[in-house]
Amino acid sequence: MRLTRTLEERLVALYRQTKVVGGLFRSLGQEADAVGSAYALERRDILSPLIRNLGAMLVKGATPLEILRQYMAKGDSPTRGRELNIHFGDTERGFIGQISPLGDMVPVMAGVTLTFKMRGEDRVGLVYVGDGATSTGAFHEGINFAAVQRCPLVVIVENNGYAYSTPIAKQTAARQFVDKALGYGVPGEQADGNDVLAVYDATKRAVDRARRGEGVTLLELMTYRRKGHAEHDNQSYVPDGEIDRWARENDPVDRYIARLVGEFSFTKTDLEAVDDRVSREVDEATDLAEQSGPPEALDALTGVYAEPPSAEPLWFREGTGGVVDRHERAEGWGTYSAIEEH
Amino acid sequence: MRLTRTLEERLVALYRQTKVVGGLFRSLGQEADAVGSAYALERRDILSPLIRNLGAMLVKGATPLEILRQYMAKGDSPTRGRELNIHFGDTERGFIGQISPLGDMVPVMAGVTLTFKMRGEDRVGLVYVGDGATSTGAFHEGINFAAVQRCPLVVIVENNGYAYSTPIAKQTAARQFVDKALGYGVPGEQADGNDVLAVYDATKRAVDRARRGEGVTLLELMTYRRKGHAEHDNQSYVPDGEIDRWARENDPVDRYIARLVGEFSFTKTDLEAVDDRVSREVDEATDLAEQSGPPEALDALTGVYAEPPSAEPLWFREGTGGVVDRHERAEGWGTYSAIEEH
Amino acid sequence: MAEITYLEAIREALFEEMERDPNVFCMGEDIGRYGGAFKVTDGLLDKFGEQRVIDTPISEIGIVGAAAGAGHMGMRPVVEMQFIDFLANAYDILTNYVATARYRAFLPCPMVVRGPSGGYVRGGPFHSQNPEAGFVHTPGLKVVYPATAEDAKGLLKSAIRDDDCVLFFEHKYLYRRIKGQMPAGDHTVPIGKARVAREGRDLSIITYASTVWKALEAAELLEKEDGLSVEVIDLRTLAPLDDEAIQATVRKTNRVLIVHEDTRTGGLAGEITARINERSFAWLDAPVLRVTAHDVPLPYAPPLEDFVLPQTADVVRAARTLAAY
Amino acid sequence: MAEITYLEAIREALFEEMERDPNVFCMGEDIGRYGGAFKVTDGLLDKFGEQRVIDTPISEIGIVGAAAGAGHMGMRPVVEMQFIDFLANAYDILTNYVATARYRAFLPCPMVVRGPSGGYVRGGPFHSQNPEAGFVHTPGLKVVYPATAEDAKGLLKSAIRDDDCVLFFEHKYLYRRIKGQMPAGDHTVPIGKARVAREGRDLSIITYASTVWKALEAAELLEKEDGLSVEVIDLRTLAPLDDEAIQATVRKTNRVLIVHEDTRTGGLAGEITARINERSFAWLDAPVLRVTAHDVPLPYAPPLEDFVLPQTADVVRAARTLAAY
Ligand SMILES: Cc1ncc(C[n+]2csc(CCOP(=O)(O)OP(=O)(O)O)c2C)c(N)n1
Ligand SMILES: Cc1ncc(C[n+]2csc(CCOP(=O)(O)OP(=O)(O)O)c2C)c(N)n1
Ligand SMILES: [Mg+2]
Ligand SMILES: [Mg+2]
């Protein structure tokens with residue numbers, strides 16, 4: 001959580017220096033739900049994060065250097081500059097990159113975990129959706145498919161109060177998202193998303209269920225988005241005082257530190273050691289990331305298909321050589337016999 | 001119900017004579033849910049039927065003649081031969097025609113009833129979906145939208161046990177479809193779909209709720225599809241004896257007649273009078289329908305847009321006149337000055 | 001009167017049409033209090049209230065379907081896609097339900113689906129698309145894609161008054177970058193009519209949306225450096241295409257370059273080329289050529305995006321080739 | 001060996017590939033016990049069991065998305081759309097997720113989406129479509145549409161082995177109407193290669209799927225009645241298009257007619273015309289012309305459907321015009 005927060009703060013600084021290309025998305029105040037849930041998985045398990053699940057990706061082994069390069073559109077970023085912010089993945093390390101159209105990852109993860117089941121592999125999948133994304137057809141079709149197939153999949157609804165500017169009362173008439181579980185015939189559970197240990201416990205129960213072959217669980221984690229949808233959003237639609245109250249009374253990092261100190265007798269030195277390590281890591285990563293260059297333009301044409309591995313630059317592009325010269329249709333060409341001779 | 005059944009039986013006869021163009025869809029054993037629910041609406045209300053809701057359309061004023069013409073692809077059918085089977089509607093009489101892609105009518109009816117609400121009209125909408133169609137993204141997005149907007153809409157899940165060959169256990173892991181209500185934050189009710197009076201009562205409660213401004217109700221009607229998906233389907237996937245059992249023990253027409261006779265002291269003569277009237281009506285309609293001709297080919301090009309009212313036949317079509325002759329580019333044409341002169 | 005931006009022109013059209021006709025209302029994600037992701041609908045809620053400016057769940061099928069239903073009942077809904085890319089999520093209901101409703105069921109769908117489209121803004125693969133081709137291909141839909149502020153306003157007003165569904169593409173790169181002077185009064189621009197953005201004699205560039213500006217830049221440069229007189233046709237409406245305007249420019253200059261920001265294969269340039277072949281082949285002194293994006297998803301990093309999308313220099317180079325043919 | 005139908009050829013390909021590779025499995029609505037709406041998958045369940053022949057809920061997004069996920073994990077899913085028209089319901093996940101996965105995330109999607117397409121069967125507006133244009137327009141997808149039983153089998157086997165997503169269109173009019181002799185052994189047909197269905201000298205018809213047969217009928221008649229020698233090119237693969245085969249036939253006969261069953265505006269004929277212009281303009285002795293469906297939703301009644309869709313007589317008439325140009 002500390003790493004998530006420090007790294008995002010660094011990104012804000014870089015954003016202000018216009019070193020981030022495009023928008024910046026924060027998970028301030030939601031770090032616990034991402035981190036706590038990801039820790040409930042084993043290395044071999046696969047999760048599919050949202051834009052606000054930076055913490056889950058870090059748990060799964062994504063590095064600050066990757067994140068920084070990606071946000072800065074570097075040529076050696078994990079997607080070589082093809083995708084933005086934290087849209088990237090690595091099936092080896094166990095996370096699959098997100099896609100903008102909301103909800104689509106639910107059916108995709110249904111297929112990932114269907115494969116685990118078909119192959120008898122002892123693996124579990126976890127897919128996050130926002131409160132807003134529950135309104136999409138993809139969410140519905142995906143979770144229903146997984147429920148019927150009893151795929152080993154945990155579906156986490158990360159209820160952070162808003163979808164962009166839209167409060168949940170305009171997203172659903174249901175009292176809570178966990179109420180949707182019944183309609184899919186799967187167990188549902190709700191947990192305090194800002195209590196990292198509660199998140200871990202609830203996710204672990206769902207993961208265990210999936211691993212035992214009991215299929216899908218819908219888990220609603222209650223949290224709060226303290227920043228705007230992205231950095232440019234001034235949150236004018238948020239009632240006065242709401243953000244402050246959450247910051248003051250329900251910050252997941254503060255709460256975890258309080259427990260570490262109170263229940264697990266962490267000392268100030270212990271905590272400072274963590275902070276130092278994190279700062280150092282992020283500093284080093286920033287230095288390295290800044291050194292990388294942008295991608296090579298021609299790389300834009302590679303890898304649409306396995307075969308052919310690359311497209312050709314179009315003829316009108318400087319340096320392609322291939323301009324359309326006046327066609328040469330030889331005298332007589334164009335009759336059947338003429339072509340026979342050629 | 002008697003009319004529905006007799007009309008469908010006539011259609012089977014015409015189908016066997018190959019006078020029906022395309023497939024034939026039956027609602028045998030499900031007549032009560034269509035008829036009972038439609039009767040719970042007022043004239044000014046609007047419903048959107050499924051292929052198996054012939055009964056609801058008849059209640060809303062569709063005529064046997066229209067149905068027969070449509071099935072026989074006649075030029076004076078309600079869609080002038082554009083659409084098949086019972087895919088047609090009439091907003092004046094209060095029903096909107098169905099479309100093949102399942103679930104799409106749910107958001108459409110959300111918009112119809114949103115309009116009632118916006119205009120303060122005292123009108124209600126009713127949309128039917130099959131058990132299979134509940135798995136579509138359109139169903140989900142539509143009912144959720146209507147629930148949030150508190151549209152005066154009744155959503156009936158017509159649970160007839162199968163979606164084509166797929167039994168409900170492969171459609172959903174939920175124990176019952178009415179369980180989905182909670183996840184949309186709307187009241188849910190389940191009723192015996194083969195008891196026409198129970199259907200009426202349950203629908204009436206939902207309609208009243210909608211009319212009082214209390215929004216959406218999800219109503220699950222339990223019934224059984226005794227025929228195949230369409231006439232060509234031999235139902236080999238149905239467990240032995242299942243169909244017979246329903247026919248013997250739970251036929252909606254038999255059950256209604258038993259009540260009419262038992263509770264409402266209808267006599268044999270009363271019932272025969274109904275049968276006679278129905279037979280006569282269907283006979284007359286059949287005679288008339290058979291006399292109609294097919295549509296005019298050129299009508300195929302009209303009415304894609306309000307403006308222009310019709311497309312032109314393409315040049316290569318016999319009788320269009322307009323073939324592509326060798327273009328005439330006059331001598332000198334093609335310089336700026338040449339065109340100036342023309 | 002002061003000049004206003006392309007974005008403000010769209011907003012003005014919404015305000016005016018909602019004032020004019022009580023049946024016009026708006027729906028979309030975050031269009032109310034927040035004023036929309038690009039602030040196009042800013043101020044609408046205050047003026048017209050929650051009944052006519054509806055914030056919806058994230059449900060493109062739901063929104064488009066509800067618009068159709070409202071249209072059947074005589075309303076004139078204007079729905080916003082937060083990004084036009086999300087038309088893909090409503091593809092079935094748009095192409096199967098909305099596009100066919102009048103034809104198969106005599107049900108009108110007077111509705112507008114509008115939203116920010118196009119690239120050159122580092123938006124990555126899902127916030128930069130130009131998905132017009134799939135809809136131009138669908139009988140029953142109309143498609144409009146203005147390049148100027150004047151047309152943005154005038155065409156949106158016409159779209160809202162149209163009795164059929166109009167997909168109204170707004171180029172997000174142009175939102176705040178270009179301005180125009182709005183004609184006084186009830187300014188409408190007819191759907192289905194192209195615009196001669198620049199008169200010329202030697203060759204024609206047929207284009208629309210963002211690349212109209214690249215074409216104009218190229219024309220300027222070609223005039224200065226090569227003495228070439230280039231005509232630029234801004235299609236404005238993509239469905240129905242203005243066939244007369246297309247044939248007229250071909251017959252005038254005899255050399256045609258089609259430019260679009262969309263990817264190459266299956267993009268609109270093909271359709272236009274076919275129409276030119278059919279009706280004006282004999283007037284062609286050279287092949288119809290096209291400058292388009294490369295056939296790849298649109299990448300995000302500046303050097304990549306710039307490489308994939310058509311640039312002014314590409315238009316210049318292609319035009320020179322064509323002129324020399 | 002006996003001849004088998006186009007439909008049986010597809011079924012054979014499924015059986016053989018599932019036997020060959022344990023990673024191949026099938027998903028779709030009613031494909032198991034029932035054997036699919038057209039019985040294409042009949043017998044698969046008995047042979048391969050419920051694990052590898054999965055009856056799904058009515059969820060095109062769910063099915064296509066799940067196939068992509070399974071593909072990422074090394075499986076080779078083959079999913080059936082009950083009618084290819086329902087690709088529209090999965091348009092977002094196909095064009096945004098599946099088509100871009102390799103490019104933006106280095107995730108392979110080796111998967112096939114297959115299903116019955118096309119008209120001439122009184123199927124009405126939603127069971128007769130030819131929606132290939134929207135997918136040919138999407139970089140990252142491959143599109144195959146065979147006309148013969150041999151190609152149906154050979155191309156499906158290649159599609160299943162392909163490392164990217166292949167949309168496999170099956171023409172339902174051809175399912176039981178045409179037959180072919182399957183070559184012995186492991187018969188595959190390469191994706192991306194067109195086929196010369198008939199050699200000719202005087203003009204070329206470029207086409208695919210159902211209209212290959214109409215073109216062949218027309219060619220026969222034109223030979224007999226007009227003494228015209230007509231070449232017929234069956235594209236077979238629509239994405240990627242076989243550019244070499246297209247240019248070769250243009251340069252041979254100098255007159256080209258493109259025929260497709262899909263509607264006109266935005267259909268594939270435009271793309272092909274553009275490619276011919278770009279590379280073989282000087283070889284053209286006449287405009288590239290096209291015979292297509294009319295731009296309307298496909299109506300159901302026989303006289304209407306017959307009027308809207310291209311018929312053999314249309315091809316004959318257009319070919320005569322072209323030959324006389
Ligand atoms: C299908 C679709 N429609 C619209 C959008 C635009 N959009 C991006 S994020 C967002 C809000 C998401 O809210 P939520 O799911 O609650 O996630 P959060 O941002 O709160 O984490 C919207 C509307 C999208 N990405 N996909
Ligand atoms: C989106 C979509 N997918 C697939 C189909 C093909 N299809 C037509 S009817 C049907 C079964 C419908 O079952 P259900 O909803 O239970 O209705 P019932 O036929 O039982 O009344 C299917 C799969 C379709 N029409 N639309
Ligand atoms: Mg949220
Ligand atoms: Mg059913």
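Letters A, B, ... are given to chains in the order of the sequence lines, protein chains preceding strands, and every chain is numbered from 1.
Heavy-atom distances place no part of Met109(B) under 4.5 Å from chain C, backbone and side chain included. Within the 4.5 angstrom heavy-atom criterion, only side-chain atoms of Ile54(C), from C-beta onward, approach chain B. Only the backbone of Thr302(B) comes within less than 4.5 Å of a heavy atom of chain C; no side-chain atom from C-beta onward does. Of the atoms belonging to Ile46(B), it is side-chain heavy atoms, and not backbone ones, that fall under 4.5 Å from chain C. Looking at Pro78(B), only its backbone comes within 4.5 Å of chain C, counting heavy atoms on both sides. For a residue to count as touching a neighbouring chain, one of its non-hydrogen atoms must lie under 4.5 Å from one of that chain's; by this rule Gln98(B) touches chain C with the backbone only. Only the backbone of Leu284(C) comes within less than 4.5 Å of a heavy atom in chain B; its side chain stays farther off. Proximity to chain B involves both the backbone and the side chain of Tyr97(C), based on heavy atoms less than 4.5 angstrom apart.
The candidate with the highest count of non-hydrogen atom pairs below 4.5 Å against chain B, out of Asp163(C), Ile63(C), Asn96(C), is Asn96(C). The most heavy-atom pairs under 4.5 Å with chain C, out of Ala300(B), Ala110(B), Gly125(B), come from Ala300(B). Put simply, of Leu107(C), Asp92(C), Thr100(C), Val64(C), the one with the most heavy-atom pairs under 4.5 Å next to chain B is Asp92(C).
Between the Asp104(B) side chain and the Gly65(C) main chain, no donor and acceptor come within less than 3.5 Å of each other.
The number of heavy-atom neighbours closer than 6.0 Å to CD of Gln247(C), taken from other residues, nucleotides and ligands shown, is above 12. Other residues, nucleotides and ligands place more than 12 heavy atoms under 6.0 Å from the CZ atom of Arg212(B). Counting heavy atoms of neighbouring residues, nucleotides and ligands inside a 6.0 Å radius, atom CD of Glu312(B) does not exceed 12 of them. Heavy-atom contacts from other residues, nucleotides or ligands closer than 6.0 Å to CZ of Arg211(B) number more than 12.
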Worksheet entry | side-chain contact (heavy atoms from CB on, under 4.5 Å) between Met75(C) and Leu114(B), intermediate numbers included | CA-CA 10 Å; Met75(C) 303 298 287; Leu114(B) 177 70; over 6 Å; no
Practice prompt. Decide yes or no on side-chain contact (heavy atoms from CB on, under 4.5 Å) for Arg279(C) and Trp315(B), but give the supporting numbers first.
Written response: CA-CA 11 Å; Arg279(C) 293 189 49 199; Trp315(B) 65 270; over 6 Å; no
Worksheet entry | Steps toward side-chain contact (heavy atoms from CB on, under 4.5 Å) verdict (Arg104(C), Ile99(B)) | CA-CA 9 Å; Arg104(C) 69 176 158 72; Ile99(B) 182 180; 4.1 Å; yes
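Counting all heavy atoms, side chain and backbone alike, Tyr305(B) lies closest to Arg102(C) at C-CD, 3.5 Å. Annotation for Pro107(B) and Ile93(C): closest pair CG-CD1, 3.9 Å, computed over non-hydrogen atoms. Closest approach of Val112(B) to Gly69(C), counting heavy atoms only: CG2-O, 3.6 Å.
Below 4.5 Å, heavy atoms of chain C meet heavy atoms from Asn144(B), Phe145(B), Val148(B), Gln149(B), all part of residues 144-152 of chain B. Of residues 84-96 of chain B, those residues with a non-hydrogen atom less than 4.5 Å from any non-hydrogen atom of chain C are, in numerical order, Thr91(B), Ile96(B).
Here CE of Met118(B) is found 8.5 Å from CG of Asn23(C). Values are rounded to the nearest 0.5 Å. With values rounded to the nearest 0.5 angstrom, Leu301(B) atom CG is found 7.0 Å from Tyr103(C) atom OH.
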